[in-house]
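Everything on this sheet refers to the single structure shown next.
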Amino acid sequence: MIAPILVTSGLSKSFQSSRGIFRKPLNVQAVENISFTLGEAETLSVVGETGSGRTTLAHMLAGIEYPDEGMLLYKGKPVSYLRPKDERLLQKKIRLIFQNPGRTLNPRAPIYRTLVQPLRNNPDVPHHEYRSRINEILQKVGLRPEQNHWYPYMFSGGQRQRIAIARALISQPEIIIADEPLSALDVSVQAQMINLLLDLQQKDGVSYVFISHNLGVVQHISDKVLVMFGGQLIEYGRSEDIFNRPGHPYTRALLASMPGVKGYALSQWHPKARILTQALSHQEGCPYANRCPVSSSQCYFQKPPHKPVDQQIVACHKAGEI
Amino acid sequence: MALYIDRYGEQQLMHPIQGFWHLYKTNNTAMFGLLILSLIALILILSPLLAPYEANAQFIDALLSSPSWSENGRIEFLFGTDDLGRDIFSRILIGGRTTLSTAMLVVFFAALVGVLAGLISSFIGGWFDKITSSVIELFMTFPSLITSLLVVAILGPGLVNSAIAVSFAMLPHFFKSTRNAMLTQMKKPYYAAARLDGARGIRLLTITLLPNITNAIFIQFSLSLSTAILEISTLGFLGFGAQSPLTEWGAILGESRSYSYQAPWTIWLPGLSMLVTIFSINLVGDGIRETFESDHHLR
Amino acid sequence: MNLLQIEDLSVSFPSLYGEICAVSNSSLSLKPGEIRGIIGESGSGKSVLAQALLGLLDPSATINFDFYSFDDTIVTKSDYDVIRQGASIIFQDPSTSLNPSKTIGNQLWETLYLHHKDASRDFLKQESLKLLHDVGLSTPESLLRTYPHQFAAGVNQRIMIALAIACSPKLLVADEATTNLDMTIQSQILDLLSKLSREREMAVIAITHDFAILAETTDTTSVMYCGYILETGPTRDLLTHPRHPYTKALVSSIPQIGPLRKSRSHLYALKGNVPPAHKVPVGCPLGPRCPRAGKICVQLPKYQNEENRHYRCHYPLEDSLWEEHL
């Protein structure tokens with residue numbers, strides 16, 4: 001058993017969306033009751049469609065947004081992002097790679113200036129080591145040290161992605177949260193990047209929280225998978241278990257809808273019949289109820305519990321029966 | 001950008017400043033404007049050497065003499081003389097020096113204060129920003145000429161006072177364009193990423209944000225320069241600006257307006273020189289703006 | 001008999017770097033009812049190729065071809081009417097292709113009216129209901145009065161398809177038509193496209209960068225790289241026995257999903273990046289990145305034909321070699 005480095009329990013976050021001065025703001029539940037455990041050098045993938053709350057979850061883990069409810073345990077100790085000391089520690093140890101990393105580089109600064117910022121924040125690194133550290137990290141991600149005075153636009157998309165990874169790695173983090181880091185890349189570059197991420201994990205023992213909609217990539221790199229829909233946990237478990245024996249109707253539909261899937265007998269879950277695309281907006285029942293082929297009235301009015309089924313956790317009233 | 005140079009045996013994109021010049025060069029009208037402008041600048045810088053006479057030297061024997069190319073013209077007075085017998089060519093050269101250098105100083109001062117205020121206000125944000133920008137927007141509702149007339153009315157006429165007045169009227173524009181640019185940049189993902197990296201305060205402002213709003217400041221600067229020339233001349237024309245013996249383009253026009261029928265050259269020659277100057281500044285300004293906009297690396 | 005045949009198509013654009021070639025010496029032929037996938041990474045010229053076929057390119061583009069026929073009619077450079085009447089195109093983002101200020105019914109009627117100038121109102125309405133039904137929208141009556149913003153992207157893309165098939169085209173070009181959609185929606189749209197193609201004997205050119213889409217939907221596939229069509233063949237054959245090293249690299253660089261996959265292994269990745277359009281290498285465009293390249297690769301290889309397969313490579317992969325690589 002590997003000691004868990006990050007444990008969350010019941011993370012929730014809602015947003016107030018303003019509807020003008022005269023009406024009460026609308027409460028939108030972005031993420032509700034997400035619990036998972038991330039071990040050292042492990043990869044957890046969060047799978048979900050647009051609007052499933054996966055980006056909000058990533059932002060909560062990275063400390064951009066604060067959870068309304070729930071606990072975040074880092075190495076067994078509860079952390080609160082509201083305490084500046086914790087915030088600084090976590091900014092060093094938990095790093096976020098954004099969804100379109102190219103745009104997170106300052107277009108008017110040579111990458112050296114971007115890469116030096118996390119070091120400045122770290123009092124343990126003396127000034128004269130900055131340059132050597134940066135050169136070292138650039139080599140690690142496959143760029144040349146003398147490129148440190150280049151501006152971001154001088155690099156190709158794949159190289160910019162490498163810079164974003166370098167930027168995350170330079171403060172020697174323990175957890176990297178990657179929000180769709182590959183979606184903007186061409187397939188041949190994407191493969192290079194997956195190899196790089198896997199290499200870094202082997203060498204430095206970094207843990208990843210990997211947010212993606214590409215199930216092929218998810219299956220390739222992850223130890224654990226967390227499926228989200230409409231802000232809720234749908235299924236959570238070891239990667240093999242979820243891909244071999246998906247327990248939730250949504251997970252099955254997801255796997256069945258992956259084009260080019262061979263060897264799954266999941267065609268009856270293929271989302272053909274119902275075209276309604278939005279998750280149910282009211283927060284009473286299961287968010288998938290109106291698309292689910294086996295939903296009953298219970299699913300619309302009662303929130304499904306997180307049931308352990310086989311090796312994974314499934315949030316479905318009918319878990320285990322179907 | 002067609003901005004390739006060979007280095008390390010491979011091709012590399014140019015530094016932003018190099019790249020800017022490279023693209024600017026391809027814009028013919030802007031290059032023409034730059035050529036004219038630098039010619040004017042050169043002439044005005046060297047004007048004490050080039051001007052044949054003192055600006056206020058009077059030639060009693062040649063009152064209202066025509067330009068040298070007309071029938072009654074005299075070769076020693078190239079652009080003719082005014083009602084007091086002063087050589088217009090010398091006055092244009094020496095007066096232009098006053099006008100242009102004052103305009104430069106005015107814009108520089110307005111930019112310094114306006115940009116600084118805009119940076120601080122938008123960076124602090126919240127109520128402070130709301131109040132500051134509302135107050136400054138209130139100023140902008142007055143036409144800038146009215147504002148400067150008001151300031152001159154309080155401080156009294158004179159070149160220095162009119163310069164203060166014009167820069168005061170120009171300041172809100174700098175504030176506003178800086179603030180707008182800042183607000184745009186602060187929404188961009190790189191700003192959030194820099195903050196996550198732990199960048200705070202003055203570093204975040206100067207290293208992360210400032211280089212990204214220089215475009216907006218440069219464009220505003222070039223726009224304001226021509227406005228400043230016009231406004232200083234306007235105040236001079238109305239008699240609130242430079243007082244004699246100081247010469248200034250607007251003042252030259254103002255002094256000779258009563259002779260516009262007998263001696264049209266006293267009006268149209270200084271006017272023409274002003275027109276050419278402003279025209280070339282605008283060409284350069286447009287060129288700068290177009291260059292920034294034509295390439296997404298520079299935008 | 002081919003529905004569409006084009007020989008030696010080249011498209012170039014003027015740019016700051018000089019003339020850049022977006023599509024070079026590419027030939028394409030399409031049978032009626034065939035679903036053809038065109039796959040390539042960004043900048044491979046796949047979209048330009050499709051737009052050149054329909055004559056939709058900017059006038060600044062230089063288009064050259066030796067021969068172009070569509071539906072037994074010769075298409076000339078000055079006259080794209082034949083193909084414009086017989087083909088339609090759907091784009092990546094339905095929300096920008098639909099007019100936001102007009103109801104869906106109005107947009108359908110306008111399109112239908114262009115093809116049935118003397119039809120009655122009732123006829124147009126019946127036709128549009130039928131179209132919406134055909135693209136799998138269950139309550140077409142109420143849809144006619146609604147605006148595009150009222151629907152999710154998946155529904156809007158169906159409406160786009162309805163508009164595209166309104167004139168009963170013989171060819172439908174889908175330019176990354178499912179790229180922006182969620183995966184469950186994506187598979188619905190792909191199913192719809194192949195269903196429509198079967199029912200209406202409509203050929204489809206599906207432009208994509210996603211191999212999974214190809215495997216599921218298409219009959220034949222062309223692989224593009226830097227403006228060249230490197231390999232063409234029946235999809236299944238091409239994916240399982242690629243001849244061109246680039247096809248092989250693409251296939252094996254994608255982590256395939258399946259119940260018994262070995263994970264966490266290194267993926268096969270070509271070295272380097274896709275060169276930008278002004279830096280396409282001389283000769284075989286893959287040359288500098290290709291693991292099999294030799295001296296002869298500085299010359300552009302000719303097409304080699306083999307039953308249904310065409311490929312451009314000096315050192316094509318043999319079947320046996322491919323097994324070894326696995």
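Chain naming here is simple, since letters A, B, ... match the order of the sequence lines and numbering starts at 1 in each.
- Heavy atoms only, all atoms of each residue included: B/Pro189 and A/Arg103 are closest at CG-O, 3.7 Å.
- With respect to the salt-bridge test (charged N to carboxylate O, under 4.0 angstrom), the residues A/Arg95 and B/Asp197 qualify.
- In B/Phe109, the CZ atom is not crowded: 12 or fewer heavy atoms of neighbouring residues, nucleotides or ligands sit closer than 6.0 Å.
- Between chain B and the residues A/Pro118, A/Ala109, A/Pro110, the largest count of heavy-atom pairs under 4.5 Å involves A/Pro118.
- Annotation: side chain of A/Asn106 is not in contact with side chain of B/Tyr191 (no heavy-atom distance under 4.5 Å).
- Under a cut-off of 6.0 angstrom, the local environment of NZ in B/Lys25 is crowded, with over 12 non-hydrogen atoms contributed by other residues, nucleotides or ligands.
- Looking at B/Arg195, the atoms closer than 4.5 Å to chain A (heavy atoms on both sides) all sit in the backbone: N, CA, C or O.
- The number of heavy-atom neighbours closer than 6.0 Å to CZ of B/Phe142, taken from other residues, nucleotides and ligands shown, is 12 or below.
- Sparse packing is recorded around CZ of B/Phe218, with 12 or fewer heavy atoms of other residues, nucleotides or ligands lying under 6.0 Å away.
- With a 4.5 Å cut-off on side-chain heavy atoms, A/Arg108 and B/Asn215 count as touching.
- A/Leu96 touches chain B through its side chain: at least one heavy atom from C-beta onward sits under 4.5 Å away, while N, CA, C and O do not.
- In this structure, A/Tyr74 places its OH atom where more than 12 heavy-atom neighbours from other residues, nucleotides or ligands lie under 6.0 Å away.
- The number of heavy atoms from other shown groups lying within 6.0 Å of OH (A/Tyr130) is above 12.
- Taking every heavy atom of both residues into account, B/Leu196 and A/Phe98 meet most closely at CD1-CZ, 3.9 Å.
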